[in-house]
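Just so we're clear, the structure is a prediction, and the values are computed from it rather than from any experiment. Note that the numbering runs from 1 along the sequence shown for the chain.
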Amino acid sequence: MRHFDLVIIGTGSGNSIADERFAGWNIALVEKGVFGGTCLNVGCIPTKMFVHTADVAGAPASGARLGVDAHLDGVRWTDVRDRIFGRIDPISEGGRRWRAEENANVTVFAGTARFTGPKTLDTGTGETITADRFVIAAGSRPVVPEVADIGTVGYHTSDTVMRLDTLPARMTILGGGFIAAEFAHVFSSFGVRVTIVGRSDLLLRHEDREVARRFTRIASEKWDVRLHRKAVRAERVDGVVRLHLEGPDGAEVVESEELLVAVGRTPNSDLLDLAATGVDVRPDGRVVVDEHQRTSVEGVYALGDISSEHQLKHVANHEARVVQHNLLHPDEPIASDHRHVPSAVFSSPQIASVGLTEEQAVERGLRYVVGSQAYASIAYGWAMEDTTGFAKVLADPTTGEILGAHVIGPQAPTVIQPVIQAMSFGLDARTMARGQYWIHPAMPEVIENALLNLPLH
Ligand SMILES: Cc1cc2nc3c(=O)[nH]c(=O)nc-3n(C[C@H](O)[C@H](O)[C@H](O)COP(=O)(O)OP(=O)(O)OC[C@H]3O[C@@H](n4cnc5c(N)ncnc54)[C@H](O)[C@@H]3O)c2cc1C
Ligand SMILES: NC(=O)c1ccc[n+]([C@@H]2O[C@H](COP(=O)([O-])OP(=O)(O)OC[C@H]3O[C@@H](n4cnc5c(N)ncnc54)[C@H](O)[C@@H]3O)[C@@H](O)[C@H]2O)c1
């Protein structure tokens with residue numbers, strides 16, 4: 001049985017660990033799918049390439065009210081798709097080849113890994129290996145809900161929907177979270193009629209409620225948004241998917257050519273037989289790790305979607321850097337910093353968030369004040385004639401410590417970054433607002449004004 005210094009399971013964020021400092025280590029990489037993981041192949045990167053294209057496709061429609069009459073002649077779907085994956089696929093293949101052929105100390109196994117004993121791994125290629133150390137970076141996969149006959153209709157998930165052969169006339173999206181919001185924007189901008197079916201009362205319900213309400217209202221004006229619905233059965237009749245729902249008004253059916261399932265992602269821990277090596281797993285499937293990303297077994301680390309409460313690439317990258325350090329310096333381990341994890345939804349409008357929502361501040365019994373600012377009342381937002389965007393900041397009324405920030409509107413993921421910086425480095429709201437120049441008339445003035453509007457003592 002071959003023995004390695006280190007085995008890394010998953011080539012998403014795990015693939016970044018083995019840099020030149022590991023040149024003297026004998027390393028195995030095990031990957032069951034496409035090299036490079038979710039973000040590169042089916043996640044952040046292609047979705048944002050589609051989102052940018054959708055923003056361009058949507059621009060003519062928004063020009064008329066500013067006096068610019070433009071017309072969208074069409075979207076060449078297969079050209080868009082092939083341009084995007086024509087750029088992505090070679091990166092994935094190049095990364096695989098580099099590891100497999102040019103890294104003398106790395107062996108790549110193309111198989112589904114599974115533990116068969118303590119620090120003993122079946123690589124799924126016919127070879128079982130052992131190692132002193134393991135990194136479990138096997139990510140997550142889309143959940144498919146229990147809806148009768150859903151398996152028979154040829155539904156899509158985010159793994160497959162970006163490679164459709166043709167654009168459907170209509171698309172039903174089951175789920176009301178990140179993926180639903182982003183793909184609704186993409187496909188509707190390309191001319192697809194979108195219906196979103198959600199279980200709860202709001203889209204993006206984990207966002208600050210005011211933001212989720214605003215987004216749900218805007219979404220309902222563009223898309224057919226059906227909330228408080230339970231999908232009970234699916235069927236495909238003459239090429240049309242019929243999704244049977246139960247809702248406040250009883251039974252109803254939504255018809256479309258394609259169904260996209262986007263109801264969350266589950267950690268891939270169940271594929272790994274982790275009990276065989278003694279690694280503890282939570283009831284929700286996440287691998288248990290401490291602040292140093294160490295699992296319950298000495299020398300075995302986990303990172304990213306398989307262990308984190310945040311299924312976000314910047315978190316997985318951060319944790320990979322922590323694991324990298326701790327592998328090299330096990331006696332001086334560093335801890336992951338999960339204090340202020342931001343996130344963004346690249347829909348239309350865009351949303352960004354960091355820290356506590358108002359609901360979380362209430363739940364925790366914290367004293368807080370809110371400063372809000374509409375985009376319409378800062379110069380650039382006014383110039384754009386934006387009518388729906390706003391930023392809100394939550395702070396401690398006495399110390400001015402920033403507790404959270406939520407932005408919905410143009411460039412939200414960029415506009416929020418100074419608040420992430422302030423929170424990370426302990427800058428209070430007053431100092432942040434007054435202690436620096438804010439370029440006039442730039443979009444971050446929406447943050448400056450939200451800070452100035454905080455009723456601090
Ligand atoms: C559509 C979509 C859009 C997204 N957009 C964003 C975004 O804009 N911003 C953001 O921050 N995050 C985004 N995310 C989330 C982000 O992609 C993930 O949080 C991140 O990629 C997780 O990285 P990871 O390394 O933990 O897992 P992954 O990148 O998923 O890597 C895990 C790898 O392990 C492999 N694997 C699994 N099981 C086994 C096994 N048993 N044996 C061998 N190999 C195995 C998998 O094939 C996979 O390649 C998006 C996700 C999706 C689905
Ligand atoms: N921009 C980004 O950072 C980005 C983009 C896409 C995905 N992601 C990551 O990927 C994860 C998965 O995305 P997602 O949108 O699938 O999950 P999500 O957790 O964001 O949203 C899932 C939604 O589906 C709803 N739902 C669950 N079961 C349902 C059912 N049976 N019927 C109808 N609705 C149901 C939930 O209430 C929730 O609103 C996200 O949580 C996020 O961490 C991030």
Item to check | Step-by-step side-chain contact (heavy atoms from CB on, under 4.5 Å) determination, Asn268 to Leu272 | outcome: CA-CA 7 Å; Asn268 281 327; Leu272 284 165; 5.8 Å; no
Item to check | Within 6.0 Å of CG in Leu66, more than 12 heavy atoms from elsewhere | outcome: yes
Please tabulate, for side-chain N and O atoms in residues 341-356, each donor-acceptor pair with protein atoms closer than 3.5 Å (sequence neighbours left out).
unit_1, atom_1, unit_2, atom_2, d
Ser347, OG, Ala181, O, 2.7
Ser353, OG, His406, ND1, 3.4

Item to check | Qualifying ring-ring contact (aromatic ring centres under 6.0 Å, His included) pairs with a residue from residues 428-448, counting only residues at least two apart or across chains | outcome: none
Next on the checklist: For Glu359, is the CD atom crowded, meaning more than 12 foreign heavy atoms sit under 6.0 Å from it?
Outcome noted: yes
Checklist entry - Would a distance-only check, ignoring hydrogens and angles, find a side-chain to backbone donor-acceptor pair under 3.5 Å from Asn326 to His292? => result yes
Checklist entry - Can you list every pair that meets salt bridge (Lys or Arg N to Asp or Glu O under 4.0 Å) and has a residue in residues 129-146, with sequence neighbours left out? => result Arg141-Asp270
Checklist entry - Ser140 versus Gln311: any side-chain heavy-atom pair under 4.5 Å? => result yes
Item to check | Any donor-acceptor pair under 3.5 Å from Thr112 side chain to Gly124 backbone | outcome: no
Checklist entry - Does the pair Leu403 and Glu401 meet the rule for a side-chain contact (heavy atoms from CB on, under 4.5 Å), with working shown? => result CA-CA 6 Å; Leu403 304 172; Glu401 179 192 355; 4.2 Å; yes
Checklist entry - If you count the non-hydrogen atoms of other residues, nucleotides and ligands that lie under 6.0 Å from CZ in Arg434, is the total more than 12? => result no
Checklist entry - Between the main-chain N or O of Ala138 and the side-chain N or O of Asp305, is there a donor-acceptor pair closer than 3.5 Å? => result no
Next on the checklist: Given 3.5 Å as the limit, does a donor-acceptor pair link the side chain of Asn103 with the main chain of Val106, or not?
Outcome noted: no
Item to check | Side-chain heavy atoms of Pro267 within contact of Val287, under 4.5 Å | outcome: no
Checklist entry - Does the separation of the ring centres of Trp77 and Phe50 fall below 6.0 angstrom? => result yes
Can you give me every donor-acceptor pair (side chain of residues 361-370, partner residue at least two apart or in another chain, under 3.5 Å) with its distance?
unit_1, atom_1, unit_2, atom_2, d
Arg367, NH1, Thr398, OG1, 3.4
Tyr368, OH, Glu358, OE2, 2.8

Checklist entry - Is there a donor-acceptor pair closer than 3.5 Å between any side-chain N or O of Ser296 and the backbone N or O of Gly278? => result yes
Item to check | Pairs involving residues 411-429, ordered by first then second residue, that meet side-chain hydrogen bond (donor to acceptor under 3.5 Å, both in side chains) (sequence neighbours left out) | outcome: Asp428-Thr431
Item to check | Test item: Ile27 and Phe22 side chains (from C-beta on) under 4.5 Å apart, heavy atoms | outcome: yes
Next on the checklist: With a 4.5 Å cut-off on side-chain heavy atoms, are Leu29 and Phe35 touching?
Outcome noted: yes
Item to check | Shortest non-hydrogen contact from Val263 toward Val143 | outcome: CG2-O, 3.5 Å
Checklist entry - Is it true that atom NE2 of His228 has more than 12 heavy atoms of other residues, nucleotides or ligands lying nearer than 6.0 Å? => result yes
Next on the checklist: Is it true that, when you exclude Glu332 itself, more than 12 heavy atoms of the residues, nucleotides or ligands shown sit nearer than 6.0 Å to its CD?
Outcome noted: no
Checklist entry - What residues, two or more places apart in sequence or in another chain, satisfy side chain to side chain donor-acceptor pair (under 3.5 Å) together with Thr160? => result His156
Item to check | Beyond-backbone contact of Val419 with Met432, side-chain heavy atoms, under 4.5 angstrom | outcome: yes
Checklist outcome for this item: Closest non-hydrogen atoms of Asn41 and Ser92, given as atom of the first, atom of the second and distance, are OD1-CB, 3.4 Å
Item to check | Backbone N/O of His338 and side chain of Ser336: donor-acceptor pair under 3.5 Å | outcome: no
Next on the checklist: Quick one: does any side-chain atom of Gln360 pair with a main-chain N or O of Thr357 as donor and acceptor, under 3.5 Å?
Outcome noted: yes
Item to check | Shortest non-hydrogen contact between Ile306 and Ala302, atoms and distance | outcome: CG2-CB, 4.4 Å
Checklist entry - Quick check: are there more than 12 heavy atoms from other residues, nucleotides or ligands sitting under 6.0 Å from CZ of Arg282? => result yes
Checklist outcome for this item: By salt bridge (Lys or Arg N to Asp or Glu O under 4.0 Å), Arg163 pairs with (sequence neighbours left out) Asp89
Checklist entry - What pairs with Asp201 under salt bridge (Lys or Arg N to Asp or Glu O under 4.0 Å), at least two apart in sequence or on another chain? => result Arg209
Item to check | Where Ala442 and Tyr380 come nearest, the two heavy atoms and their spacing | outcome: C-CB, 4.4 Å
Checklist entry - How many angstroms lie between CG in Asp273 and OG1 in Thr120, if you round to the nearest 0.5 Å? => result 12.0 Å
Checklist entry - Yes or no on side-chain contact (heavy atoms from CB on, under 4.5 Å) for Phe134 and Leu6, after CA distance, side-chain angles and deciding distance? => result CA-CA 6 Å; Phe134 284 82; Leu6 169 65; 5.9 Å; no
Item to check | Any donor-acceptor N/O pair, Arg199 side chain to Gly176 backbone, under 3.5 Å | outcome: no
Next on the checklist: Can you list everything that forms a salt bridge (Lys or Arg N to Asp or Glu O under 4.0 Å) with Asp290? Sequence neighbours excluded, please.
Outcome noted: Arg294
Checklist entry - Charged N to carboxylate O below 4.0 Å: is that the case for Glu210 and Lys392? => result yes
Checklist entry - Is any side-chain N of the basic residue among Asp79 and Arg81 closer than 4.0 Å to the acidic one's carboxylate O? => result no
Item to check | Atom pair CD1/OG of Ile196 and Ser188 - distance to nearest 0.5 Å | outcome: 8.5 Å
Checklist entry - Quick one: does Ser308's side chain get under 4.5 Å of Leu303's, heavy atoms only? => result no
Checklist entry - Quick one: are Arg213 and Arg217 in side-chain contact, heavy atoms under 4.5 Å? => result no
Checklist entry - Which atoms form the tightest heavy-atom contact between Ala28 and Ile129, and what is the distance? => result CB-CD1, 3.9 Å
Item to check | Exceeds 12 heavy-atom contacts within 6.0 angstrom, atom NZ of Lys222 | outcome: yes
Next on the checklist: Check this for me, if you would: do Glu93 and Arg96 make a salt bridge, where the nitrogen-to-carboxylate-oxygen distance has to be below 4.0 angstrom?
Outcome noted: yes
Item to check | Residue pair Ile173, Val194: steps toward the side-chain contact (heavy atoms from CB on, under 4.5 Å) verdict | outcome: CA-CA 7 Å; Ile173 305 180; Val194 169; 3.9 Å; yes
Item to check | Gln293 side-chain N/O to Tyr301 backbone N/O, donor-acceptor pair under 3.5 Å | outcome: no
Checklist outcome for this item: Nearest heavy-atom contact between Val446 and Tyr375 is CG2-CD1, 3.9 Å
Checklist entry - Taking the inter-plane angle between the rings of His325 and His329 on a 0 to 90° scale, is it parallel (under 30°), tilted (30 to 60°) or perpendicular (over 60°)? => result tilted
Item to check | Pro142 backbone acceptor or donor facing Thr157 side chain under 3.5 Å | outcome: no
Checklist entry - Sequence neighbours excluded, which residues qualify as salt bridge (Lys or Arg N to Asp or Glu O under 4.0 Å) partners of Arg339? => result Asp337
Checklist entry - What pairs meet the salt bridge (Lys or Arg N to Asp or Glu O under 4.0 Å) rule with one or both residues in residues 10-36, with sequence neighbours excluded? => result Asp19-Arg21
Checklist entry - Quick one: salt bridge (Lys or Arg N to Asp or Glu O under 4.0 Å) pairs with a partner in residues 307-330, sequence neighbours left out? => result none
Next on the checklist: Could you tell me if the side chain of Trp223 sits less than 4.5 Å from the side chain of Thr195, heavy atoms only?
Outcome noted: no
